[in-house]
Amino acid sequence: MIRTATEADVPAIHAMVRELAEYEKALHEVRATEEQLREALFGERPAVFAHIAETDAGEVAGFALWFLNFSTWRGVHGIYLEDLYVRPEHRGGGYGKALLRELAGLCRERGYERLEWWVLNWNEPAISFYESLDAVAQDEWTVFRLTDAALAELGAP
């Protein structure tokens, strides 16, 4: 079952963010707290959204956390999937596909024309899964990022 996340899901989402970061060999980079996630998802003006995959027994199997982006070329919004994670013991059970199907359905309902995400180049199981859904790698683009000191320096008056 896929459902919209509630505030009660924040601890599970936070735990899965950490599990995902550990899998991606980057747990040391996680700074987000439960309170930050709670504010981002359920604060006064939420701009981040989440869906939960549950087992028939009500156990949280995975999550998708996403926000809107915009295509100047197409002139409409899309969904950027920040995190898609299914706990190892639930992989192969259709939860990842169900989460992506839910987001694709939102795109369709709302007239969004893109559902996009990044995947690490070494994550062959995820890449194979995405390719099985006919997702197309955008390998002609290079991702750039400013953080920490470089961001502060560039943004200084």
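Side-chain atoms are counted along with the backbone in the values below, which use heavy atoms only and exclude waters and symmetry mates.
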Output yes when a side-chain donor or acceptor of [X] lies under 3.5 Å from a complementary backbone atom of [Y], and no otherwise.
X	Y	result
E39	Q36	no
N123	A126	yes
Q138	V136	yes
H77	N69	yes
R18	L27	no

Practice task
Determine, step by step, whether F67 and W117 satisfy the ring-ring contact (aromatic ring centres under 6.0 Å, His included) criterion, reporting the C-alpha distance in whole Å, the side-chain angles of both residues, the deciding distance to 0.1 Å, and the verdict.
Solution key: CA-CA 11 Å; F67 53 87; W117 62 91; over 10 Å; no
Practice task
Just jot down the side chain to side chain donor-acceptor pair (under 3.5 Å) partners of Y85, sequence neighbours excluded, or say none.
Solution key: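 E19.
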Practice task
Not counting sequence neighbours, which residues clear side chain to side chain donor-acceptor pair (under 3.5 Å) with E35? List them please.
Solution key: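 E35 satisfies side chain to side chain donor-acceptor pair (under 3.5 Å) with R38 only.
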Are [X] and [Y] grouped together when hydrophobic residues (ILVMFWY) are joined by side-chain heavy atoms under 4.5 angstrom apart?
X	Y	result
F129	M16	no
L84	L65	no
F49	V60	no
L115	V119	yes
V17	V10	yes

Considering all heavy atoms, the nearest [X]-[Y] contact:
X	Y	result
E7	P11	O-CD, 4.3 Å
L81	A64	CD1-CB, 3.8 Å
R74	S71	N-OG, 3.0 Å
G78	Y112	CA-CB, 3.8 Å
R87	A15	NH2-CB, 4.0 Å
K25	W122	NZ-CH2, 3.9 Å

Would you give the length of the straight line joining atom [atom1] of [X] to atom [atom2] of [Y], rounded to the nearest 0.5 angstrom?
X	Y	atom1	atom2	answer
D9	L37	CG	CG	11.5 Å
T55	E89	OG1	CD	10.0 Å
F63	D83	CZ	CG	4.5 Å
E124	I127	CD	CD1	4.5 Å
F70	R114	CZ	CZ	10.0 Å
E34	I13	CD	CD1	10.0 Å

Handout entry: E82 and V48: CA distance, side-chain angles, deciding distance, side chain to side chain contact (heavy atoms under 4.5 Å, CB included) verdict
Key = CA-CA 9 Å; E82 178 66 23; V48 179; over 6 Å; no
Answer yes or no: does atom [atom1] of [X] have more than 12 heavy-atom neighbours from other residues, nucleotides or ligands under 6.0 Å?
X	atom1	result
R108	CZ	no
W141	CH2	no
E44	CD	no

Handout entry: Verdict with supporting geometry, Y95 and E54, side chain to side chain contact (heavy atoms under 4.5 Å, CB included)
Key = CA-CA 8 Å; Y95 296 105; E54 279 187 337; over 6 Å; no
Handout entry: salt bridge (charged side-chain N to carboxylate O under 4.0 Å, His left out) partners of D139, counting only residues at least two apart
Key =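 For D139, no residue satisfies salt bridge (charged side-chain N to carboxylate O under 4.0 Å, His left out) once neighbours in sequence are set aside.
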Handout entry: Side chain to side chain, L100 and K97, heavy atoms closer than 4.5 Å
Key =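 Not touching, per the 4.5 Å side-chain cut-off.
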Handout entry: W118 ring center within less than 6.0 Å of Y130 ring center
Key =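 When the ring centroids of Y130 and W118 are compared, they turn out to be at least 6.0 Å apart.
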Problem - Pair H51-L103, side chain to side chain contact (heavy atoms under 4.5 Å, CB included): steps then yes or no - result: CA-CA 9 Å; H51 284 79; L103 297 185; 4.0 Å; yes
Problem - Exercise: do E59 and H90 side chains pair donor with acceptor under 3.5 Å - result: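 Present: a donor and an acceptor within the cut-off.
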Exercise for the section: Could you walk me through whether I2 and I52 pass the side chain to side chain contact (heavy atoms under 4.5 Å, CB included) test, one step at a time? Expected result: CA-CA 6 Å; I2 305 301; I52 298 293; over 6 Å; no
